[in-house]
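Below: one structure, written as structure tokens.
Scope of the values below: all heavy atoms of this structure, side chains included, with no hydrogens, waters or symmetry mates.
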Amino acid sequence: QVQLVESGGGLVQAGGSLRLSCAASGGTFSVYDMGWFRQAPGKEREFVATIKRRGYNTYYADYADSVKGRFTVSRDNAKSTVYLQMNSLKSDDTAVYYCAAGPGTRRAADYDYWGQGTQITVSS
């Protein structure tokens, strides 16, 4: 079993930045691709970003169009941690953000392991 613990959420003004962290324990972090998803009240959980392994210590990042150019996903296997750097935040980014370990797809249902979620609130 893999446990994922998220941190870094909070309140930020539009145009500001935050970095989310997702630390894994209880499993071998390096064998999983990682994803970030978010869910606003009354909405479906939506894809934000994934980071997928392409080769030895080589990864490919995939982003939703809504965050492309503003968000950056990265991972540190030595720390068993994945990050989501969020810049130029907008009010529409307000949501609960979840990290997930699994196949690195855009589909939330494909993932077996999830973080507890962390609230991001962007004020306009």
Side-chain angles (χ1 to χ4, degrees):
Q1 189 68 257
V2 176
Q3 292 183 328
L4 303 174
V5 179
E6 301 176 42
S7 61
L11 175 66
V12 64
Q13 287 186 282
S17 298
L18 286 172
R19 188 174 77 159
L20 303 182
S21 298
C22 175
S25 63
T28 304
F29 176 75
S30 61
V31 306
Y32 297 102
D33 290 330
M34 299 293 295
W36 287 96
F37 298 81
R38 67 188 183 186
Q39 188 166 19
K43 296 184 178 180
E44 295 287 324
R45 189 168 298 187
E46 68 174 358
F47 162 75
V48 175
T50 61
I51 183 161
K52 297 170 59 68
R53 185 174 182 176
R54 303 177 73 180
Y56 179 75
N57 206 31
T58 302
Y59 293 86
Y60 170 77
D62 184 29
Y63 300 95
D65 288 343
S66 59
V67 307
K68 194 173 297 181
R70 299 188 297 119
F71 290 10
T72 302
V73 63
S74 61
R75 63 188 288 161
D76 186 338
N77 289 338
K79 296 181 178 180
S80 297
T81 300
V82 64
Y83 304 94
L84 185 68
Q85 178 67 47
M86 304 183 293
N87 298 326
S88 301
L89 284 161
K90 306 173 180 179
S91 295
D92 288 347
D93 295 320
T94 295
V96 176
Y97 283 69
Y98 300 89
C99 66
T105 67
R106 292 184 166 200
R107 186 170 179 263
D110 291 343
Y111 292 78
D112 292 326
Y113 305 106
W114 290 87
Q116 81 279 11
T118 186
Q119 177 71 48
I120 303 298
T121 302
V122 184
S123 62
S124 58

Starting at [atom1] of [X], measure out to [atom2] of [Y] and round the result to the nearest 0.5 Å.
| X | Y | atom1 | atom2 | result |
| --- | --- | --- | --- | --- |
| Gln116 | Gln3 | CD | CD | 10.5 Å |
| Leu4 | Ser80 | CG | OG | 10.5 Å |
| Thr118 | Leu20 | OG1 | CG | 6.0 Å |
| Cys99 | Met34 | SG | CE | 5.0 Å |

Judged by atom type as modelled, is there a donor-acceptor pair below 3.5 Å linking the side chain of [X] to the main-chain atoms of [Y]?
| X | Y | value |
| --- | --- | --- |
| Ser66 | Ala64 | no |
| Gln1 | Gly26 | no |
| Arg53 | Gly55 | yes |
| Arg70 | Ser88 | yes |
| Thr105 | Pro103 | no |
| Glu46 | Phe37 | no |
| Gln13 | Ser123 | no |

*More than 12 heavy atoms of other groups within 6.0 Å of Asp92 CG*: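 Counting other residues, nucleotides and ligands, CG of Asp92 stays at 12 neighbours or fewer.
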In this structure, would [X] and [Y] fall into the same cluster of hydrophobic residues linked by side-chain contacts under 4.5 Å?
| X | Y | value |
| --- | --- | --- |
| Tyr113 | Phe47 | no |
| Val96 | Leu84 | no |
| Val67 | Tyr83 | no |
| Tyr111 | Tyr32 | no |

*Can you spot which of Thr50, Ile51, Val73, Val48 makes a side-chain contact (heavy atoms from CB on, under 4.5 Å) with Tyr63?*
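Of Thr50, Ile51, Val73, Val48, side-chain contact (heavy atoms from CB on, under 4.5 Å) with Tyr63 is met by Val73 alone.
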*Identify the residue among Val122, Ile120, Asp93 that makes a side-chain contact (heavy atoms from CB on, under 4.5 Å) with Met86.*
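Checked Val122, Ile120, Asp93 against Met86; only one passes side-chain contact (heavy atoms from CB on, under 4.5 Å): Ile120.
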_Asp76 and Thr81: side chain donor to acceptor below 3.5 Å_ =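 Per modelled atom types, Asp76 and Thr81 side chains form no pair under 3.5 Å.
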*Side chains of Arg54 and Tyr60: is there a donor and an acceptor less than 3.5 Å apart?*
no
*Do we get Arg45 above Tyr98's six-membered ring, with its NZ or CZ under 6.0 Å from the centre and within 45° of the axis?*
yes
*Is the NZ or CZ atom of Arg75 positioned over Phe29's six-membered ring, under 6.0 angstrom from the centre and within 45° of the axis?*
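So Arg75 does make the cation-pi contact.
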*Specify the closest pair of heavy atoms between Ala24 and Val2, including all atoms of both residues, with the distance to one decimal.*
CB-CG1, 4.3 Å
*Could you tell me which non-hydrogen atom of Gln119 sits nearest to which non-hydrogen atom of Ala95, and how far apart they are?*
NE2-O, 3.4 Å
_Assess the residue pair Ser74 and Gln85 against the criterion (side-chain contact (heavy atoms from CB on, under 4.5 Å)); give the C-alpha distance rounded to whole Å, side-chain angles, the decisive distance to 0.1 Å, and a yes or no._
CA-CA 8 Å; Ser74 61; Gln85 178 67 47; over 6 Å; no
*Just grab all the salt bridge (Lys or Arg N to Asp or Glu O under 4.0 Å) pairs involving residues 7-34, residues at least two apart or on different chains.*
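Residue pairs with at least one partner in residues 7-34: Asp33-Lys52.
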*Would you sort out whether Tyr59 and Asn77 count as a side-chain hydrogen bond (donor to acceptor under 3.5 Å, both in side chains), showing the intermediate values?*
CA-CA 11 Å; Tyr59 293 86; Asn77 289 338; 2.8 Å; yes
